[in-house]
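This report refers to the structure that appears directly beneath it.
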Amino acid sequence: MTYLLLNAAFLAAALLVAAVALVRRLLSARFVAAVAVALCLTLLLTAVFDNLMIGAGLFSYDPAHISGLFIGLAPIEDFAYPLAAAILLPALWVLSGGTRLGRTDD
């Protein structure tokens, strides 16, 4: 199994939960903007630190299991994890009633 296929399964699950949150809670533009900022920062940190760790030899990837697309030394598949987290965690937070920022009354 390739990392891309594994990532697709996690992203599909995250998108499903986010769709439920969107339908049930009508997420506000302010909430979505905050999530987008967090995602950009997380992707930037992933790019920096994954490249540093791969460059230092702390870990590597089997070329047979990656797509071959890279950002620096990091395979593109590495960026699916922060993307899934940025989609899934805020959706779970809103669904659990953890915030009122998700509502459209702001």
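All values derive from a computational prediction rather than experimental measurement.
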Closest heavy-atom contact between Ala84 and Ala14? O-CB, 3.8 Å

Do you reckon Leu15 sits in the same ILVMFWY cluster as Leu83, going by side-chain contacts under 4.5 Å, direct or chained? yes

Quick one: do Leu5 and Leu69 end up in the same hydrophobic cluster if we chain Ile, Leu, Val, Met, Phe, Trp and Tyr together by side-chain heavy atoms under 4.5 Å apart? no

Hey, does the side chain of Asp78 reach the backbone of Phe70 with a donor-acceptor pair shorter than 3.5 angstrom? no

Nearest 0.5 Å, please: how far is CG in Leu95 from CG in Leu22? 10.0 Å

Closest heavy-atom contact between Ser67 and Ile76? OG-CG2, 3.5 Å

Separation between OG of Ser60 and CD1 of Ile66, rounded to the nearest 0.5 Å: 9.5 Å

Is Val20 reachable from Leu92 through a run of hydrophobic residues whose side-chain heavy atoms are each under 4.5 Å from the next? yes

Any link between Tyr61 and Leu73 through a network of hydrophobic side chains (Ile, Leu, Val, Met, Phe, Trp, Tyr) touching at under 4.5 Å? yes

If you compare all heavy atoms of Ile54 against all heavy atoms of Ala74, which two are closest, and at what distance to 0.1 Å? CD1-CA, 3.7 Å

Quick one, Asp50 and Phe79 - any side-chain contact, counting heavy atoms below 4.5 Å? no

Given Leu88 and Phe10, is the side chain to side chain contact (heavy atoms under 4.5 Å, CB included) satisfied, shown in steps? CA-CA 9 Å; Leu88 180 62; Phe10 281 103; over 6 Å; no

Is it the case that one hydrophobic cluster holds both Leu39 and Ile87, taking links as side-chain heavy atoms less than 4.5 Å apart, direct or via other members? yes

Distance check, rounded to the nearest 0.5 Å: Leu11 atom CG versus Tyr81 atom OH? 9.5 Å

To check you understand the geometry: which heavy-atom pair defines the closest contact between Ala91 and Ala18, and what is its length? CB-CA, 3.6 Å

State the OG1-CD distance between Thr2 and Glu77, to the nearest 0.5 angstrom. 7.0 Å

